[in-house]
Amino acid sequence: MEPVAATVYPNYDSVGRAILEAFPIIDFLPVWLVALVIMVVVAACAIVFILVFEGVGSLVLRKLAGDIQSRVGPNRVGPYGCIQFLADGVKLILKEDLKPAACDRVLFRLAPYLAFVGSCAGLVVIPFAVGMIAADLDIGIYYVMAVSSLVSIGILLGGWASNNKWSLVGAMRGAAQIVSFEIPVAMSIIPVILVAGSLSTQEIVRSQGGLFGIFNWNLFHNPFLFFSFFVYLTAAQAETCQTPFDLPECESELVQGFMTEYSGIRFGYFFLGEFGELFVVCALATAGYLGGWHIPFLDAGNLGWFWGNLLSLGVFLTKTFTLVLVSMWLRWTLPRTRVDQLMRMCWKYLVPLTFFNLLGVSLWLLIFDGKGIPAMIAALFG
Amino acid sequence: MSQGPAKRKPIKSNIFDVVPAPAEIPQNVLQKNFERVRACKGGEGIIEVGIADLFINWCRKNSLWYLYYATACCGIELMQGGASKYDFDRFGAVFRATPRQADMLMTAGTITHKMAERVQRIYAQMPEPKYVIAIGACTITGGPFYKDSYSVVKGVDLILPKVDVYVPGCPPRPEAWIEGIRNLQNLIMKTKNYGLKKA
Amino acid sequence: MKTLSAQEIFEKLKGKFGDGVVSLQTESVNPPFAVVPPGSIQEVCRFLKEDPDLLFDYLVCISGVDHKDKFAVAYHVYSTEHRHRIGVKAMLPHDNPVIPTVDVVWKAAIYLERETYDLMGIVFEGSCDPNRILLPDDWEGHPLRKDYIYPEQYHGIKI
Amino acid sequence: MTEPISKEALRTDEWTINMGPHHPSTHGVLRLELTTDGEIVSKARPSLGYLHRGLEKIGERVAWAQFMPFTDRLDYLAGMNCNCAYAWAVEKLAGIEIPERAEWIRVLVCELNRISSHLVAWGSFCADMGAFTPLLYGIREREWVNDLFEMVCGQRLTYNYARIGGVSHDLPPGFLEKTKEFCDYFEPLIDEYNRLITYNKILVHRLKNIGVISARDAIEWGLSGPNLRGSGFAYDIRRAEPYSVYPKLDFNVVVGHADRGTLGDCFDRYLVRIDEMRESVKIVRQVIDRIPDGPVMAKVPRVFKPPAGECYFRAESPRGETGFYLISDGGTNAYRLKIRTGSYMAMNIFEKISKGVMISDIVALIGSFDIILPETDR
């Protein structure tokens with residue numbers, strides 16, 4: 001598959017150089033400084049995005065809960081309660097920052113940041129649009145898997161440092177669960193890498209382009225990938241600790257699990273991290289299986305810089321938010337599994353299934369020379 | 001509702017009081033804030049502080065997370081208040097299981113002497129600013145157990161330092177709870193966080 | 001299933017224990033009580049439970065009653081097999097209310113006896129869990145006694 | 001080849017966790033002292049009394065009729081059942097015959113209240129299992145019953161409807177039609193609940209084979225009501241020792257039948273409650289069809305003094321046997337008033353069956369017993 005125009009994804013040095021050329025007035029600045037400033041700006045954009053996503057997401061979560069539970073949900077703050085998250089956020093920031101007397105002060109403070117950073121760092125390699133990606137790393141998927149492990153460290157530290165037994169139980173559960181479910185998550189995303197032939201997320205998305213509309217998505221590439229998508233969703237639901245797998249913070253058993261002793265904005269960081277991770281896994285599913293930013297029957301690369309990016313961003317976010325909604329829908333519907341059942345599910349069913357699936361995909365690619373079913377059907381009809 | 005012992009605060013909720021419609025509250029408070037600022041010859045900075053006060057209070061009043069804390073009969077009304085028909089979530093009030101993340105303690109149900117220490121501890125565990133609504137006859141005065149029971153605390157204000165709003169009833173209907181929450185919101189809008197404390 | 005009347009049950013008890021069973025109390029009492037001395041309560045209960053014609057396998061309730069000059073412990077038992085019921089009552093002196101436990105006969109007695117001890121101050125000898133259950137451990141007195149005086153305060157909180 | 005690890009080196013310490021009295025899933029102020037080895041509970045000792053309000057002492061200090069409101073607070077989820085049980089007990093003690101219509105009304109409101117109580121039991125059980133939505137569905141339906149009770153007596157939760165000698169008011173006009181409407185609305189919903197969550201695989205796996213109580217054990221430890229019937233033993237006081245007009249009514253005693261897993265596990269106790277709602281609807285329909293006209297209150301003197309005597313009366317409330325042991329000395333007050341409740345006895349067996357389960361199952365156990373704390377603590 002031919003790469004689309006090579007200039008669409010940014011290289012900070014070249015952008016910095018271009019800016020210096022465009023504005024001779026700041027010519028005296030070194031290129032690295034300009035590049036650094038741009039990086040900071042991009043990071044700020046990502047943080048703002050995740051904050052807004054968290055705000056809107058929490059509101060949607062509550063509204064959706066209202067719909068499912070035949071309630072109304074927040075509707076007093078702003079029209080239809082749409083700035084509820086602002087009130088919640090400001091209130092959390094202004095709350096007293098309690099530290100239990102017996103807690104480990106350093107680790108107690110550190111834990112929420114780790115959880116937050118771990119989930120937000122994944123944003124770096126999310127291909128938002130045809131030309132919008134913070135850094136198109138060659139090891140993109142590998143990077144996401146690596147940094148998202150920081151979350152489990154944050155959870156473990158938080159539970160341990162709180163010096164609360166419920167927190168510790170929650171933290172142990174969380175660590176075991178997240179580390180275990182990394183494996184099925186990774187193993188069910190590897191088939192995508194095999195098909196695309198690259199670890200770079202942008203490359204994976206690009207490999208799903210073409211003019212068959214949605215049939216170029218990896219989801220329909222072959223039966224194994226179709227299956228693999230749902231395994232990924234299940235495992236990702238567990239990795240992000242959403243109901244029915246929200247064991248680290250299960251409200252009815254462990255009070256609030258590892259977050260029990262956290263108040264104010266430190267709790268807010270955990271909350272943000274949770275939503276950030278939810279977004280990252282859903283975005284990865286979109287990029288890996290649902291064609292990423294590809295607009296069906298349209299080549300976003302040919303639309304020009306502005307419209308191409310805008311439309312593809314919209315498409316990408318729509319797909320991702322659909323997955324987020326599915327996750328929330330599950331969250332309000334299903335009861336919770338028990339910890340041993342969860343582990344059994346992971347090690348006895350999901351892990352072997354994903355291995356089998358990986359084998360299937362490899363054989364498929366070997367036998368059919370990397371062609372998917374839609375491509376073969378298309379070849380059949382000329 | 002009868003006046004309790006002398007140490008109680010005068011601010012009490014009464015469901016028969018005329019309460020301004022919710023839409024009017026911010027305007028009134030805004031006006032009052034500006035009047036306060038005008039009365040104080042401190043310069044322009046104070047206006048910003050007044051508006052910051054307003055904003056902070058607005059945020060706090062619209063995000064009153066309550067502790068999922070129920071001891072007795074009123075607890076069922078707490079559940080029903082959070083459910084389909086009444087839905088406290090409309091006012092931004094969601095329940096939290098841990099006191100660390102709660103803003104508001106609704107003492108729903110009888111407090112016994114065995115329980116009193118735990119209530120105090122739960123209150124101490126909540127971060128500032130925290131508010132207490134005494135729900136139901138039992139937590140206001142001991143209710144039906146006032147005279148004959150040997151093990152019921154005669155009012156939650158004997159064991160907690162402050163109670164912001166009292167909602168009478170045995171148990172109060174969820175409408176009365178909502179009234180109590182709204183009264184608490186009015187109360188929050190009147191608090192001063194910055195600036196004019198000394199004046 | 002063979003439902004026996006209270007009189008028949010009492011006759012069976014009388015036949016087994018002779019003069020050990022004091023009397024049958026039927027006057028304005030429902031269900032009637034077989035009054036037994038406190039010392040033989042365990043044997044009587046075991047017989048009630050294990051005799052094939054009686055089979056009182058379900059201990060419904062244990063209540064302590066303060067009759068001012070003496071205590072009474074009332075056991076209500078029921079047979080799920082024969083569907084008959086009877087009460088067993090033992091009278092205790094007021095100054096030293098001690099009675100053997102029946103939790104070796106019915107496990108249901110554990111909590112019922114704990115409660116009776118807690119609120120009435122009747123000591124069940126040999127009980128596997130002789131602690132207070134409803135009131136705090138450092139509570140003084142047993143509230144259901146007729147001569148109980150309400151304390152002024154508990155841990156500094158006025159009662 | 002490494003050396004075999006000695007058992008001593010693998011020894012782990014047990015720790016004690018305090019669960020409650022403020023915990024989201026202890027249904028109030030139950031406190032459990034858990035001794036656990038990791039997630040496995042080796043001992044769970046209930047510690048009661050955080051809601052001990054001295055109802056029995058109050059019963060000795062207030063007049064017979066004045067105790068009626070306190071029975072509402074005895075089991076606030078099933079106030080009508082406790083009201084009527086107390087009224088029946090006092091009437092039995094005093095030998096009062098109450099009008100036929102009053103008996104039918106009592107049965108009607110008792111069964112309606114059984115439905116609303118089981119709805120909350122079901123909902124909060126599901127909420128304990130992590131599914132929050134069923135709780136709100138249960139309460140949504142409960143609001144219907146609350147509205148009906150509000151028509152009857154003006155209260156939503158603490159009714160104070162029964163009186164010694166009858167009930168306080170006749171049914172308001174239109175009540176029976178509204179109740180019929182509720183039955184028509186509610187009966188299909190039970191199937192919807194089953195579709196929504198009952199046979200959900202996660203829930204079934206959480207509940208089956210957990211907390212198994214054999215019928216023999218259940219009787220030995222004094223369980224009653226749905227907890228006993230969940231063990232497969234058909235013992236319902238409405239049938240075993242019929243009172244009021246229950247002998248004239250046609251309904252089945254629901255028992256657990258090992259639908260998934262072992263007989264007497266949490267899932268059986270759960271299913272018994274679901275099916276009992278159906279039976280209650282059946283009873284309500286019969287009562288609506290057959291309720292006679294007439295007065296609702298017998299002639300009871302204003303200063304009520306039952307003759308001296310003792311009486312033990314038991315009735316089937318949603319949480320098992322609610323028994324009143326009343327002793328009268330002929331005065332205006334009870335000489336002794338002892339209340340025997342189902343939840344209290346359920347806590348009795350808790351320590352026994354909670355050995356070796358996991359922390360998550362403790363929550364399931366509490367939920368499956370459907371305990372309510374004012375009943376245990378009184």
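Just so you know, these numbers come straight off a predicted model, no measurement behind them. In the text below, chain A, chain B and the rest are named by the order of the sequence lines, each starting its count at 1.
Between the CG atom in D:N146 and the NZ atom in B:K85 there is a gap of 7.5 Å [rounded to 0.5 Å]. With rounding to the nearest 0.5 Å, the separation of CD1 in D:I139 from CE in B:M79 is 4.0 Å. Atoms CD and CG, on B:Q80 and D:L135 in that order, are 10.0 Å from each other to the nearest 0.5 Å. Atom NE2 of residue D:H52 and atom CE of residue B:M115 lie 15.5 Å apart, to the nearest 0.5 angstrom. Between atom CG of residue D:L157 and atom SG of residue B:C170 there is a gap of 9.0 Å, rounded to the nearest 0.5 Å. Distance check, rounded to the nearest 0.5 Å: CG of D:L51 to SG of B:C73 gives 7.5 Å.
Environment of OH in D:Y185: crowded, with over 12 heavy atoms of neighbouring residues, nucleotides or ligands closer than 6.0 Å. Within 6.0 Å of the CZ atom in B:R121, the count of heavy atoms belonging to other residues, nucleotides or ligands does not exceed 12. Within a 6.0 Å radius of CD in B:E117, other residues, nucleotides and ligands contribute 12 heavy atoms or fewer.
With a 4.5 angstrom heavy-atom cutoff, D:E150 touches chain B only via side-chain atoms. Only the side chain of D:Q155 comes within less than 4.5 Å of a heavy atom of chain B; its backbone N, CA, C and O stay farther away. Contacts between D:N160 and chain B at a heavy-atom distance below 4.5 Å are absent for every atom of the residue. Contact annotation for D:L30: neither backbone nor side-chain heavy atoms come within less than 4.5 Å of a heavy atom of chain B. For chain B, no part of D:Y137 is nearby; none of its heavy atoms comes within less than 4.5 Å. Neither the backbone nor the side chain of D:I372 comes within less than 4.5 Å of any heavy atom in chain B. B:L67 touches chain D through its side chain: at least one heavy atom from C-beta onward sits under 4.5 Å away, while N, CA, C and O do not. Contact of B:A97 with chain D is made through backbone and side chain together, with heavy-atom distances under 4.5 Å.
Taking the side chain as every heavy atom from C-beta outward, B:T71 and D:L373 never approach each other to under 4.5 Å. Side-chain contact between D:R156 and B:E77: present, with at least one pair of heavy atoms (C-beta onward) separated by less than 4.5 Å. At least one side-chain heavy atom of D:R73 sits less than 4.5 Å from a side-chain heavy atom of B:P144. Looking at heavy atoms from C-beta onward, D:K57 lies out of side-chain contact with B:S151 at the 4.5 angstrom threshold.
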Test log, rule side chain to side chain contact (heavy atoms under 4.5 Å, CB included), inputs B:I76 and D:R142: CA-CA 11 Å; B:I76 301 300; D:R142 187 186 154 85; 3.9 Å; yes

Stepwise side chain to side chain contact (heavy atoms under 4.5 Å, CB included) test for B:R118 and D:R31: CA-CA 11 Å; B:R118 273 80 182 175; D:R31 174 163 165 252; 4.3 Å; yes

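The most heavy-atom pairs under 4.5 Å with chain B, out of D:D75, D:L77, D:V120, come from D:L77. Comparing D:R61, D:H22, D:R140, D:H23 by how many heavy-atom pairs each has under 4.5 Å with chain B, the most go to D:H22. Ranked by heavy-atom pairs under 4.5 Å with chain D, the list B:Y150, B:Y68, B:F145 is led by B:F145.
Contact record, D:G49 with B:T112: O-OG1, 4.2 Å, taken as the closest heavy-atom pair. The two atoms that bring D:L136 and B:G82 nearest to each other are CD2-O, 4.3 Å, heavy atoms only. Contact between D:V29 and B:A70 at its shortest, heavy atoms only, is CG1-O, 4.3 Å.
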